[in-house]
Q: 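Submitted below is the structure of interest, expressed as structure tokens.
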Amino acid sequence: MPYEPANIEARWQEAWDKAGVFTARRDADKPKYYVLEMFPYPSGRIHMGHVRNYTMGDVVARYKASAGFNVLHPMGWDAFGMPAENAAMERGGHPKDWTYSNIADMRGQMKPLGLSIDWSREFATCDPEYYGQQQAMFIDMMGKGLVYRKNAVVNWDPVDMTVLANEQVIDGKGWRSGAAVERRELTQWFFKISDYSGELLEALDGLKDWPEKVRLMQANWIGKSRGLQFAFSTVDAPGGFDRIEVYTTRPDTLLGASFVAISPDHPLARHLERHDPKVADFVADCRKIGTSEEALEKAEKKGFDTGIRVRHPFDTAWEMPVYIANFVLMEYGTGAIFGCPAHDQRDFDFATKYGLPIPSVFIPEGTEEATLTEAFVPPKTEKVRYIRGFAGDEVQAGAEAVDTAIEFCESKAVGHGVINYRLRDWGVSRQRYWGCPIPVIHCEACGVVPEAKENLPIELPYDVTFDIPGNPLDRHPTWRNCACPKCGAAARRETDTMDTFVDSSWYYARFTSPHAATPTDAEDADYWMNVDQYIGGVEHAILHLLYSRFFARAMYKTGHLPAKAIEPFKALFTQGMVTHETYATKGADGRPVWQMPEDVMKIDSGAALRDGTPVEVGPIIKMSKSKKNVVDPMNIIATYGADTARWFVMSDSPPERDVEWTASGAEATAKHLARVWALCDRIGTMEEAAGGEGDDDLARATHRAIADVTAGIEGFAFNKAIAKLYEFTNTLGKSKAGKAAMSSSMRVLAQLMSPMVPHLAEDIWAHLGGIGLIAQAPWPVADPAMLVQDTITLPIQINGKRRAEISVPADMPASEVEKIVLADDAVVKFLAGQPVKKLIVVPGRIVNVVI
RNA sequence: GCCCGCGUGGUGAAAUGGUAGACACAUGAGACUUAAAAUCUCCCGGCCGUAUGGCCGUGCCGGUUCGAGUCCGGCCGCGGGCACCA
């Protein structure tokens, strides 16, 4: 019988459906296990990153179910966002129709993968049922003081008259219009995530099952620092600005100050801007840089001397200039800094550019003061000699010096020590249609008031068009005009929608009770939370995961989650990305036009489109819609079957590492699975009495395989689990054991393979007399007695180089091993009579003879 | 620019500080076949050598250690994130 995946896969998927194997129900008698993969954006096509992500989750879900857990494994759609509006603008149609049709397409592509998903819990974030509950929570959060409004800057395209995302700003120009982008200030909605800065940081220590690197990245993002806040008194400053407050994390370098720099958005800069055209020019120039931190940091550092001077707090005769500088952020600290060029490279460059002094505060121990060619910035733990210190020992580490400097300044009433966080409040306003409407009403009499809950959901109106840029909600009078829920007077609805990160910050909680009339159901949330294993791309290491951690706390505060769920993800696994080469042709304006891999042909001189247009082959980067370097897994499934696609993405590459997609290899996987099936077929037709040689060896190999594969799956080392499965398959194929032993081992092989290739595994199971569905059979357990080895091979090193090896009983004491080693022919020959200085025996591992 | 990660054969990779290259892919050689495909077997880091074997080898430079792919310091290259991409 040949291996026919198309045939068996459909059959087993039907069998699972019929038996309702994956429908999750609360069951107090079983331990629960909630496994979740980051839900996809419904672009319309699944890509290899999805296949990798969801297969990984499926392996865990199927394994845990076999191991006796009551598993919840849901799926949904992160369905709001810009691509739907872009599609509407480019091709016509409606974002809602586009999105739901994409969801239907993608569901149709995912189902053949045979994932053990409880599809009865599926929802999309653009379902009014979902976003209505999100609006209810927004209102609850307003009630708890977690929501506020303030001014914030956005990228403004003056030609298209629309707000641009950072991604839509390319080299300071709008992606469609090509117009120079301006910064514009708008009143926007914010979540007070900064209330939780300290807690979100400290709680990272408790996330033992998160990757260290993610915790580090989050810690750095929150950016706790201790420093000194103090004021410089000004000379020749306008009225009301007799002091400039600054914050510094290096108060120990106060005597190395050479200038003060304020943000272009600092109140003093704003004041000067109104009165001095030259300041206005400079500030306007600063505002041409995009709003992203990356753009600011990469921009040429520029300053404008305001002519205002400040007095040094320790010496009123010492005056320093005040610059407006494009690299000072208004959002961090006080929006003003003092520059210490000797010990900060950016300040050094600035001082060099504007001819400012560069006095050293400390120098390396054992050296003399010298003219610096770059800033001297040793680690804060390194001891240095303070030549312009004012507190503490002459020789001390930066960290101590900061503490003593703060103490000293406090005692002299020059400022006070403060804890500062880099984390900013979360701006959630988006001036776009395809998002969750912010459920707020602007009333002339009552001001800004939350919508009444009984009016929820505030649904998006369908009758909108995208022929004019801008937010269609703004120009939709019947939707916009409403009654004030407080006084009943005519009022206007908020037209901002929420950041799509809000949608993805609580979907995991909604899955526990996807159709509840409140955001969550207390009993369901209590039973299923937390997510035991969360799996997704490392690119979400900071924003999505931090926002989710905040949102879970906000949901606890508003009574929508139990206290135990404030850290919603018990364990996190960040899979590597699926990468691919990028391809671009040159557009009319010289900017790159990205091309799909399937449209590109490799030719001798490089690559080209089918019509011969030359294509530039770009860097290998994360597959992304915007760069079009995506590959369609559907043809792999059509040609070889889902099991081949699943096995292939799990084999070879470790799951946390990036993998570059290449077409080769899928065929080899299909061949292997066919070999496994052929082996099963052969065993099925064996004579009962045949063979019988080495039954015990096969049993040992089987238990070894159970132990190794189980360890591989538990440890997220799927590639190693698969290598062990290859090894075991080869052993089984060569075995001369009898039918009963072969058959039993083959069924174990099928079980061990079942998380990866569930359809083939079911078929083998059924073929060799397994009872019921393999999906419901208990996971095999290795007998420890079958794993012990009697003799082991010990390599012998001489001076760290391998020279010989010996075979000894596994439990031989070290003293015995030493004797055998020293008597070994090869060792004696190598020693050539030289005395042995040291003999290291690492039991069960290695012997090293030092001469 | 700042934060984080990664770098091992032709390729994907493996290796609690303990025999570098398990397990695969590709190439090559062979068996079967009239032939091809399929299947099976063998070789497969480099150099020297008939071989036992020897020397070199985990991006580069240095350090710790009896022993370093693994730990530490400094570089180089690539990737991720940088708050309005999802």
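So you know, we letter chains A, B, ... as the sequences are listed, proteins then strands, and number each from 1.
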Q: Describe the nucleic acid contact of A:Ala668 in one word from base, sugar-phosphate, nothing, applying a heavy-atom distance below 4.0 Å.
A: sugar-phosphate
Q: Determine which nucleotide pairs with B:C78, using a 3.5 Å limit on both distances of a Watson-Crick or G-U wobble pair.
A: B:G5
Q: A:Lys301 near the nucleic acid: base, sugar-phosphate alone, or nothing, with a heavy-atom cut-off under 4.0 Å?
A: nothing
Q: Does one side chain, of A:Ser194 or A:Asp425, offer a donor that lies under 3.5 Å from an acceptor on the other?
A: yes
Q: P atom, B:U70 versus B:U19: distance in rounded Å?
A: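 Comparing P positions in B:U70 and B:U19 gives a spacing of 14 Å.
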Q: Can you tell me if A:Ser651 touches the phosphate of B:A24, counting only side-chain N or O atoms and a distance under 4.0 Å to OP1 or OP2?
A: no
Q: Do A:Tyr3 and A:Thr644 have side-chain N/O donor and acceptor atoms under 3.5 Å apart?
A: no
Q: Looking at B:C84, I'd like to know if its phosphate oxygens (OP1 or OP2) sit under 4.0 Å from a side-chain N or O belonging to A:Arg430.
A: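 It does, given that an N or O in the side chain of A:Arg430 lies less than 4.0 Å from OP1 or OP2 of B:C84.
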Q: Within the 4.0 Å heavy-atom criterion, would you say A:Gln431 contacts the bases, only the backbone, or no part of the nucleic acid?
A: base
Q: Taking only N/O atoms, report every protein-nucleotides 75-82 of chain B pair under 3.5 Å with atom names and distance.
A:
| residue | atom | partner | partner atom | Å |
| --- | --- | --- | --- | --- |
| B:G79 | O2' | A:Asp658 | OD2 | 3.4 |
| B:G81 | OP1 | A:Lys622 | NZ | 3.3 |
| B:C82 | N4 | A:Glu294 | OE1 | 3.3 |
| B:C82 | N4 | A:Glu294 | OE2 | 3.0 |

Q: Give a yes-or-no answer on whether the side chains of A:Trp434 and A:Thr99 include a donor-acceptor pair shorter than 3.5 Å.
A: yes
Q: Answer yes or no: does a side-chain N or O of A:Arg803 lie under 4.0 Å from OP1 or OP2 of B:U52?
A: no
Q: Considering every strand and a 4.0 Å limit on heavy-atom distances, what is the contact class for A:Lys837: base, sugar-phosphate, or nothing?
A: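 Here A:Lys837 touches no strand at all.
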Q: Polar pairs (N or O, both sides) under 3.5 Å between protein and nucleotides 62-70 of chain B?
A:
| residue | atom | partner | partner atom | Å |
| --- | --- | --- | --- | --- |
| B:C66 | O2' | A:Asn848 | ND2 | 3.3 |
| B:C66 | O2 | A:Asn848 | ND2 | 2.6 |

Q: If I pick the C1' atom on B:G9 and the same atom on B:G46, what distance separates them, to the nearest angstrom?
A: 10 Å
Q: Stepwise, does the ring pair (Phe, Tyr, Trp, His ring centres under 6.0 Å) test hold for A:Tyr534 with A:Tyr508?
A: CA-CA 10 Å; A:Tyr534 196 34; A:Tyr508 51 85; 7.3 Å; no
Q: Look at all strands and tell whether A:Arg432 reaches a base, only sugar-phosphate, or nothing, counting heavy atoms closer than 4.0 Å.
A: base
Q: May I ask you to say what A:Pro654 touches in the nucleic acid, namely base, sugar-phosphate or nothing, with a heavy-atom cut-off under 4.0 Å?
A: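 Sugar-phosphate, no base atom in range.
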Q: Consider side chain to side chain donor-acceptor pair (under 3.5 Å). Of A:Thr497, A:Asn471, A:Asp499, A:Thr500, which one does A:Arg430 pass it with?
A: A:Asp499
Q: Taking only the C1' atom of each, what is the distance from B:U27 to B:U65 in whole angstrom?
A: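 Rounded to whole Å, the distance is 41 Å.
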Q: Which one is paired to B:A24, where only Watson-Crick or G-U wobble pairs with both distances under 3.5 angstrom count?
A: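 B:U11 is the nucleotide pairing with B:A24.
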Q: Please walk me through it: do A:Phe716 and A:Phe718 pass ring pair (Phe, Tyr, Trp, His ring centres under 6.0 Å)?
A: CA-CA 6 Å; A:Phe716 266 82; A:Phe718 305 120; 5.1 Å; yes
Q: Can you tell me the Watson-Crick or wobble partner of B:G62, both distances under 3.5 angstrom?
A: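 B:G62 is paired with B:C72.
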Q: With P as the reference atom in both, quote the distance from B:G53 to B:G21 in angstrom, rounded to an integer.
A: 15 Å
Q: Touch check for A:Val214, heavy atoms < 4.0 angstrom, all strands: base, sugar-phosphate only, or nothing?
A: nothing
Q: Would you state whether a donor and an acceptor, one from the side chain of A:Gln345 and one from the base of B:C2, lie under 3.5 Å apart?
A: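 Checked by distance alone, the answer is no.
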Q: Determine whether the side chains of A:Ser177 and A:Asp157 contain a donor N or O and an acceptor N or O closer than 3.5 Å.
A: yes
Q: Anti or syn, where syn is a glycosidic angle within 90° of 0; which label fits B:G59?
A: anti
Q: Between A:Asn719 and B:A13, does any side-chain N or O lie under 4.0 Å from OP1 or OP2?
A: no
Q: Distance between the C1' atoms of B:A68 and B:U58, in whole angstroms?
A: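 That atom pair is separated by 11 Å.
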Q: Can you tell me the Watson-Crick or wobble partner of B:C40, both distances under 3.5 angstrom?
A: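 By the stated definition (distances under 3.5 Å), B:G30 pairs with B:C40.
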Q: Under a 3.5 Å threshold, yes or no: a donor from one side chain and an acceptor from the other, between A:Thr187 and A:Asn151?
A: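 Indeed, the side chains of A:Thr187 and A:Asn151 share at least one donor-acceptor pair under 3.5 Å.
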Q: Base, sugar-phosphate, or nothing for A:Gly427, non-hydrogen atoms under 4.0 angstrom?
A: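 Sugar-phosphate only.
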Q: Is A:Leu423 touching bases, backbone alone, or none of the nucleic acid, heavy atoms closer than 4.0 Å?
A: base
Q: Given the P atoms of B:A13 and B:U8, what is the spacing between them in whole Å?
A: 8 Å
Q: Would you say B:C56 has OP1 or OP2 under 4.0 Å from some side-chain N or O of A:Lys801?
A: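 For B:C56, OP1 or OP2 has a side-chain N or O of A:Lys801 closer than 4.0 Å.
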Q: Determine the sole option in A:Phe501, A:Tyr131, A:Tyr130 for which the ring-ring contact (aromatic ring centres under 6.0 Å, His included) test with A:Trp506 is passed.
A: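 So, applying the ring-ring contact (aromatic ring centres under 6.0 Å, His included) to A:Trp506 and each of A:Phe501, A:Tyr131, A:Tyr130, only A:Tyr130 qualifies.
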Q: Under 4.0 angstrom, heavy atoms only, what part of the nucleic acid is A:Thr669 near: base, sugar-phosphate, or nothing?
A: nothing
Q: Respond yes when some side-chain nitrogen or oxygen of A:Asn730 is under 4.0 Å from OP1 or OP2 of B:C23, and no when none is.
A: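 It does not, given that no N or O in the side chain of A:Asn730 lies less than 4.0 Å from OP1 or OP2 of B:C23.
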Q: Between N or O atoms, less than 3.5 Å apart, protein on one side and nucleotides 44-48 of chain B on the other: list the pairs.
A:
none

Q: So, A:Glu90 and A:Arg176, do they make that salt bridge, N to O below 4.0 Å?
A: yes
Q: Can A:Asp265 and A:Arg287 be counted as an ion pair, charged N to O under 4.0 angstrom?
A: yes
Q: For A:Ala79 and A:Thr125, work out which heavy atoms get closest and say how close.
A: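 The answer is N-OG1, 2.8 Å.
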Q: With a 4.0 Å cutoff (strictly under), does any side-chain N or O of A:Arg657 reach OP1 or OP2 of B:G12?
A: no
Q: For atom C1', what is the distance between B:G54 and B:C60, given to the nearest Å?
A: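 Going atom to atom, C1' in each nucleotide, I get 27 Å.
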Q: Nearest nucleotide by nearest heavy atom, which residue falls closer to the 5' end of RNA chain B, A:Arg675 or A:Glu297?
A: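 The 5'-side residue here is A:Glu297.
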Q: Assess the side chains of A:Trp189 and A:Glu494: does a donor N or O sit below 3.5 Å from an acceptor N or O?
A: yes
Q: Less than 3.5 Å apart, any donor N or O on the side chain of A:Asp496 or A:Gln188 sitting next to an acceptor on the other?
A: no
Q: Once you apply a heavy-atom cut-off of 4.0 Å, does A:Lys671 come out as touching a base, just sugar-phosphate, or nothing?
A: sugar-phosphate
Q: Check every strand shown and say whether A:Phe501 touches a base, only sugar-phosphate, or nothing at a heavy-atom separation below 4.0 Å.
A: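 Answer is base: heavy atoms of A:Phe501 come under 4.0 Å of a base.
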Q: Across the strands shown, which category fits A:Glu656 at heavy-atom distances under 4.0 angstrom: base, sugar-phosphate, nothing?
A: nothing
Q: For A:Val659 and A:Ser653, which heavy atoms make the closest approach, and how far apart are they?
A: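 In this case the closest contact between A:Val659 and A:Ser653 is CG2-OG, 3.5 Å.
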Q: More 5' along RNA chain B: A:Glu805 or A:Ala165, using each one's nearest nucleotide?
A: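 Closer to the 5' end of RNA chain B: A:Glu805.
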Q: What interatomic distance, in whole Å, is found between C1' of B:A14 and the corresponding atom of B:G69?
A: 11 Å
